[in-house]
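A short write-up of the structure that comes next.
Note: hydrogens, waters and symmetry copies are ignored here, and every other heavy atom, side chains too, is used. Letters A, B, ... are given to chains in the order of the sequence lines, protein chains preceding strands, and every chain is numbered from 1.
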Amino acid sequence: MRRTKALVAAITTTPGGQAALRLKTAAGAISAPGQVCLACRTGGGDPLRHTLLPVALHPDGFTCAHPDGVRWFPGDELDLLGPLGRGFHPPAHGGRWLLAAVGLPFDTQLPLLHMGLGRHAEVAVLAEAPMLLPPEVEVVNQLDLAADWADYIALAVSMEGLRQLETDTAYKALKPHAAIAEVLLLTPLACGRGVCAACALEGRRHRIRACTDGLVFPLAEVLT
Amino acid sequence: MIEASRPAPILELTSGKRDIVLQRPWVNAPGFLGFAGEARECVDIERLGAFVTPPLSLLPRTPARPPRLLAAEGSFLLHTGHPNPGLPAALREHRRAWSDLPVPVIAHLLLQTPDEAAAMAAQIEGVEAIAALELGLGEVGASQAAALVRACAGEVPLIAYLPLGTPVEVFAAAAEAGAQAVSIGAPRGALPTPSGALVRGRQYGPAVFPLALQAVLQLAETLPVPILAGGGVYGPAQAQALRQAGAAVVVLDGVLWTEPERVLGSEPAGD
Ligand code: FES
């Protein structure tokens with residue numbers, strides 16, 4: 001993890017219609033889907049860094065969901081900390097990928113979706129709401145059937161959502177497939193370096209911190 | 001040959017048996033730099049006057065239930081529950097790393113009862129790696145503050161740490177009871193979650209600064225001991241203002257996670 005500079009190139013929208021920022025960054029600011037950065041405006045006195053969640057990766061940077069409450073404008077220089085976490089580890093070639101964002105905008109999973117298509121995987125998306133997706137992506141709504149079909153599952157869920165998910169009957173269908181599933185746990189981050197415990201989570205074996213141990217975890221590690 | 005004279009220390013505290021000497025006017029707020037190893041990732045520790053450990057309790061503590069971080073205009077609220085392995089385990093695991101730091105180490109203790117406070121202070125007596133104790137007294141009255149400080153009196157210099165908003169009399173009682181310095185900690189605040197539930201916690205960010213400055217002005221008029229103060233310091237002008245108001249040392253919090261060099265690169269003048 002390192003600090004680099006980034007430039008706000010444009011204010012735009014995500015494919016899902018959310019406000020977004022197009023950033024130009026040094027190479028490697030984000031190297032895998034599921035990684036995030038923390039950023040503050042250089043010299044701006046932001047009380048905290050904001051979490052930048054990529055929705056598209058570009059050769060010269062990334063586009064991320066516009067963090068709530070920031071007033072950054074094109075031309076602003078950002079101080080970037082990252083990339084945080086190890087990102088998703090999907091199969092290197094092909095396979096049947098099931099992607100879902102539980103209780104969150106699906107935009108978060110778009111970089112992984114495009115990686116899947118680029119790797120010639122069959123990609124299915126569990127849709128909570130109608131969305132515009134590439135035609136080769138299948139939209140499914142029955143989790144149990146889709147989980148039986150998949151050989152790789154990637155979820156995005158908030159920390160609070162994870163605990164609800166465990167008690168949700170529909171998602172109980174995932175438990176038998178935990179060995180092939182990864183989860184991006186979204187939680188507010190403060191320090192991003194494992195010092196503040198804002199992102200701490202009791203894992204199956206020991207206490208973990210999303211910012212340094214995640215934000216992507218094997219599902220089996222975080223299901224209690 | 002004429003020896004170059006060392007600059008005068010910024011702060012010297014002594015218990016009569018042991019001392020702590022700060023050569024620079026900065027310390028970290030407890031919990032903002034981790035146990036030591038992580039700290040090196042955030043800042044160049046040599047730029048601090050001393051390193052303050054995360055809050056340590058006698059027994060291990062687990063994290064508070066989420067949400068633990070809420071943001072508001074110009075500030076943020078942290079409610080982590082101060083998770084830590086407990087003082088004995090922290091000493092076992094980190095005392096060697098603390099000894100290797102290039103600056104003195106201040107152990108921040110979370111105190112509840114005088115008996116517990118005495119037990120914790122006793123565990124630290126022989127630990128050379130720790131040069132001073134910062135006593136987290138919490139939201140207490142004057143007599144309770146004095147009792148907790150007295151319970152910790154011993155070899156190591158004591159700094160009484162009370163949240164911003166604590167009445168001057170409580171700081172004075174702690175000093176009277178034997179604290180060699182006082183530190184103004186983060187104020188308590190509350191914010192609603194999106195679902196409307198209230199979360200109470202410690203408040204940080206630039207919005208805290210005017211209150212911190214006012215507190216330093218008030219305490220500096222009254223207290224006979226040095227003051228460590230922070231709260232919303234994100235640039236050299238704020239640090240300078242706190243020092244001119246009477247703070248001997250500036251406590252850095254959120255800026256350590258954003259752009260610490262904005263402050264640590266400057267050396268504010270005192271009053
Ligand atoms: S964000 Fe501070 S420990 Fe993870």
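Inter-residue side-chain proximity for L48(A) and Y204(B) is flagged as unmet; no heavy-atom pair is nearer than 4.5 Å.
When heavy atoms are compared at a cutoff of 4.5 Å, R3(A) approaches chain B solely by way of its side chain, counted from C-beta outward. Only the backbone of F32(B) comes within contact range of chain A, with at least one heavy atom under 4.5 Å from a heavy atom of that chain. In this structure, no portion of L38(A) lies under 4.5 Å from any heavy atom of chain B. For S75(B), the part lying near chain A is the backbone, with the side chain staying farther off; criterion is any non-hydrogen pair under 4.5 Å. With a 4.5 Å cut-off on non-hydrogen atoms, L33(B) touches chain A through its backbone but not through its side chain.
The backbone N or O of T42(A) sits nowhere less than 3.5 Å from a side-chain atom of R262(B) that would complete a donor-acceptor pair. The main-chain N or O of P47(A) is found under 3.5 Å from a side-chain atom of Y234(B) such that the two form a donor-acceptor pair.
Comparing P188(A), G69(A), C191(A), G44(A) by heavy-atom pairs within less than 4.5 Å of chain B, the highest count is held by C191(A). Between chain A and the options G205(B), P63(B), G31(B), heavy-atom pairs under 4.5 Å are most frequent for P63(B). The candidate from L256(B), T80(B), T258(B) with the greatest count of non-hydrogen atom pairs under 4.5 Å with chain A is T258(B).
Considering all non-hydrogen atoms of both residues, A190(A) and L78(B) come closest at CB-CD2, 4.5 Å. Nearest heavy-atom pair across L69(B) and A198(A) is CB-CB, 4.4 Å.
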Practice problem: Apply the test side-chain contact (heavy atoms from CB on, under 4.5 Å) to residues R41(A) and E259(B): give CA-CA distance (whole Å), side-chain angles for both, the deciding distance (0.1 Å), then the verdict. | Solution: CA-CA 10 Å; R41(A) 187 157 64 84; E259(B) 297 175 289; over 6 Å; no
Worksheet entry | Step-by-step side-chain contact (heavy atoms from CB on, under 4.5 Å) determination, W257(B) to C40(A) | CA-CA 10 Å; W257(B) 298 340; C40(A) 57; over 6 Å; no
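The number of heavy atoms from other shown groups lying within 6.0 Å of CG (L132(A)) does not exceed 12. Atom CZ of R200(B) sits in a sparse spot, with 12 or fewer heavy atoms from other residues, nucleotides or ligands closer than 6.0 Å.
Residue pairs meeting the side-chain hydrogen bond (donor to acceptor under 3.5 Å, both in side chains) criterion with at least one member in residues 47-69 of chain A, sequence neighbours excluded: R22(A)-D60(A), R49(A)-D79(A), H58(A)-T63(A).
Expressed to the nearest 0.5 Å, how far SG of C199(A) lies from CZ of R68(B) amounts to 8.0 Å.
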